[in-house]
Amino acid sequence: MRLLKLSESKWRLVLSALLVCAVIFESDTKEQKTAPESTSMPKKSKLGKVASKRQRADVVKPKIKSTVKAQTKTLLTQVLGRGVFKKVRETLSVQTGDTLSLRCRGKPVQWSVPRYVEEDEGRLMIVQQEQFNLLTLVNTTVADTGEYTCYPMYCEDRDCRREYNKAVKVFIFFPDPRELFIPSSSHYEMIQLRSNWPTVLPCQVTSPKAKVTLHREFPPGQVAVDGTEISFDNKKGFTIHRPRPYHAGVLHCVATLGNLMQSSTKYILIYVNYPMAPPAPVIQASSSVVAVGDNLRVTCAAVGEQDMFIEFNWEYPGQQIGRPLYTEETTIPVSGEESRQQFQSVLQVDEVRDVDQGTYTCIAQNLQGAKSVSTTVKVVTKAKAGKLLV
């Protein structure tokens with residue numbers, strides 16, 4: 001009975017194994033049958049797939065281009081830690097004593113930093129990497145406050161130039177509770193008020209939270225800042241947009257932050273009435289042909305604005321032998337124009353000689369620039385001059 005039971009169990013195992021094999025074989029057969037069907041399907045839609053791939057490629061292509069442009073675009077970030085970056089805005093505040101790290105994407109690039117930082121090279125380190133440039137400034141102080149600019153460079157062979165239109169910049173404040181203004185080595189600073197150009201009083205603060213007012217020394221008092229005639233920018237200072245004589249004098253800035261109040265350097269403003277353009281001189285000789293022994297007069301004239309000075313300089317043939325220069329300068333009012341006057345310089349050559357033949361050049365100059373005009377004079381004998389007159 002034991003043998004019969006054993007043989008029966010063996011047969012059961014054999015039959016189970018055969019059944020499992022049959023199931024596996026059947027599933028393999030189904031896969032083989034379905035495989036040709038699955039591979040045959042794309043054949044019918046092969047053109048459709050190719051077409052769809054082309055359509056996808058057409059859609060994706062602009063994205064690739066824009067990605068390339070985005071990679072080449074200059075980007076400025078602040079390094080806060082290992083692998084931690086923050087995109088900077090127009091301004092940034094860094095506590096004095098902390099390390100400043102700025103990363104500018106591009107290769108190569110060039111940095112522009114405040115003058116004090118530039119002069120103190122021991123604290124500044126700039127390293128060019130494969131895809132970006134890293135600026136590091138250690139032991140920062142209030143004097144480091146200013147504008148930091150990254151310029152991408154366009155290079156052809158070894159010739160490189162800055163791409164100013166692609167530059168990125170940030171103005172960085174380094175606040176210090178004891179210093180509200182960027183330190184200055186002088187107590188007074190002379191500033192020229194040009195009538196044709198805005199004037200900046202560079203009382204830059206170290207904290208964007210400081211409130212700043214403008215004051216006059218004599219008579220003492222606060223100067224009105226209306227945003228039109230005079231405006232304030234904490235990244236630059238006060239700007240006088242259209243300087244006038246009454247803006248001249250001694251001025252200073254006062255900054256307040258909490259309980260702290262400090263005064264800036266004193267600015268001595270000197271008003272200078274600048275002309276609108278360089279002079280336009282006109283030259284004329286008393287005669288283009290002069291006989292030996294006669295006198296020659298060459299007149300150079302230019303019209304300028306009231307209270308504007310025009311300086312005249314001459315170049316003449318007699319200079320080569322050291323012949324002295326004699327000139328007479330006058331100012332004549334322009335008829336019908338009270339705000340304009342004519343400046344005139346007359347070059348006098350007595351007893352003309354052969355060496356006085358040649359080109360006479362007048363250079364008229366004002367605060368805006370200089371322009372020159374010329375005329376030619378011929379020297380002949382008395383007899384020849386008489387014939388020419390006849």
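All values below were derived from every heavy atom in this structure, side-chain atoms included, with hydrogens, water molecules and symmetry-related copies excluded.
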Should the ring pair Y316 and Y360 be called parallel, tilted or perpendicular, given that the plane angle runs from 0 to 90° and is split at 30 and 60? parallel

Does I283 reach the side chain of T299, with side-chain heavy atoms less than 4.5 Å apart? no

Looking at side-chain heavy atoms only, is the closest gap between P278 and Q365 below 4.5 Å? no

Between S112 and T149: side-chain donor-acceptor atoms closer than 3.5 Å: no

Y274 reachable from I240 in the ILVMFWY side-chain graph, under 4.5 Å edges: no

May I ask you to decide if the ring planes of F309 and F343 are parallel, tilted or perpendicular, using 30° and 60° as cut-offs? perpendicular

A quick test of your reading: do over 12 heavy atoms of other residues, nucleotides or ligands sit less than 6.0 Å from CD of Q95? yes

Would you compute the distance between atom CD of Q110 and atom CD of E163 and round it to the nearest 0.5 angstrom? 12.0 Å

Less than 4.5 Å apart, any side-chain heavy atom of F171 and any of T145? yes

Going by heavy atoms in the side chains, are F174 and L100 under 4.5 Å from each other? yes

Looking only at atom types and distance, does a side-chain atom of Q262 sit under 3.5 Å from a main-chain N or O of R178, one as donor and one as acceptor? yes

Would you say Q284 has more than 12 foreign heavy atoms packed within less than 6.0 Å of its CD? no

Tell me whether V212 is reachable from L180 by hopping between hydrophobic residues (I, L, V, M, F, W, Y) whose side-chain heavy atoms are closer than 4.5 Å. no

Quick check: do D356 and D354 have side-chain heavy atoms less than 4.5 Å from each other? no

Please step through side chain to side chain donor-acceptor pair (under 3.5 Å) for the pair N273 and S195, ending with a clear verdict. CA-CA 5 Å; N273 196 8; S195 58; 3.2 Å; yes

Report the C-alpha distance between E217 and H252 in whole Å, list the side-chain angles of each, state the deciding distance to 0.1 Å, and finish with yes or no for side chain to side chain donor-acceptor pair (under 3.5 Å). CA-CA 8 Å; E217 295 281 313; H252 70 275; 2.7 Å; yes

Do R103 and F132 form a cation-pi contact, if we require the NZ or CZ to be under 6.0 Å from the six-membered ring centre and within 45 degrees of the ring's axis? yes

Report the distance from atom CZ of F173 to atom OG1 of T96, rounding to the nearest 0.5 Å. 14.5 Å

Counting C-beta onward and ignoring hydrogens, is there a side-chain heavy-atom pair between C300 and P281 closer than 4.5 Å? yes

The reported gap from CG in D176 to OG1 in T141 (rounded to nearest 0.5 angstrom) is 9.0 Å

Does V298 belong to the same Ile/Leu/Val/Met/Phe/Trp/Tyr cluster as V373, with side-chain heavy atoms less than 4.5 Å apart forming each link? yes

Count the heavy atoms of every other residue, nucleotide or ligand shown that sit under 6.0 Å from CE of M153, and state whether that count exceeds 12. yes

Nearest heavy-atom approach of N196 to P275 is ND2-O, 3.9 Å

Here the gap from M276 atom CE to Q368 atom CD, rounded to the nearest 0.5 Å, amounts to 8.0 Å

CD/E328 to CG/L347 distance, rounded to the nearest 0.5 angstrom? 11.5 Å

Are I230 and Y267 linked, directly or through other ILVMFWY residues, by side chains that come within less than 4.5 angstrom of each other? yes

Which atoms form the tightest heavy-atom contact between H247 and R216, and what is the distance? O-NH2, 3.8 Å

W111 and C150 have their tightest heavy-atom pair at CZ3-CB, 3.9 Å

Would one find more than 12 heavy atoms of other residues, nucleotides or ligands at under 6.0 Å from atom CD of Q320? no

Give the minimum heavy-atom separation between V379 and Q357, together with the two atoms involved. N-OE1, 2.9 Å

Test item: I270 and I191 side chains (from C-beta on) under 4.5 Å apart, heavy atoms: no

Could you check whether atom OH of Y188 has more than 12 heavy atoms from other residues, nucleotides or ligands sitting under 6.0 Å from it? no

Heavy-atom check, side chain of K235 versus side chain of P208, under 4.5 Å: no

Just by modelled atom types, is the G106 backbone N or O under 3.5 Å from a matching donor or acceptor in the Q128 side chain? yes

Charged N to carboxylate O under 4.0 angstrom, R323 versus D350? no

Rounded to the nearest 0.5 Å, how far does CZ of R105 lie from CD of Q131? 8.5 Å

Can a side-chain donor-acceptor contact be found between E156 and Y154 if the only test is distance below 3.5 angstrom? yes

Taking all non-hydrogen atoms of both residues, which atom of F181 and which atom of S263 are closest, and how far apart? CE1-C, 3.8 Å

Scanning both residues in full, the closest heavy-atom pair of H187 with T265 reads O-CG2, 3.3 Å

Shared ILVMFWY cluster between L214 and F232, side chains joined below 4.5 angstrom? yes

Polar side chain donor-acceptor pair, Q344 to E329, under 3.5 angstrom: no

Under 3.5 Å donor-acceptor, N234 side chain and G237 backbone: no

NZ or CZ of R162 within 45° of Y151 ring axis and under 6.0 Å: yes

Please say whether more than 12 non-hydrogen atoms of neighbouring residues, nucleotides or ligands are located less than 6.0 Å from CG in N259. no

Are more than 12 heavy atoms, taken from residues, nucleotides or ligands other than Y246, located less than 6.0 Å from that residue's OH atom? yes

Enclosure of R242 CZ (heavy-atom neighbours >12, cutoff 6.0 Å): no

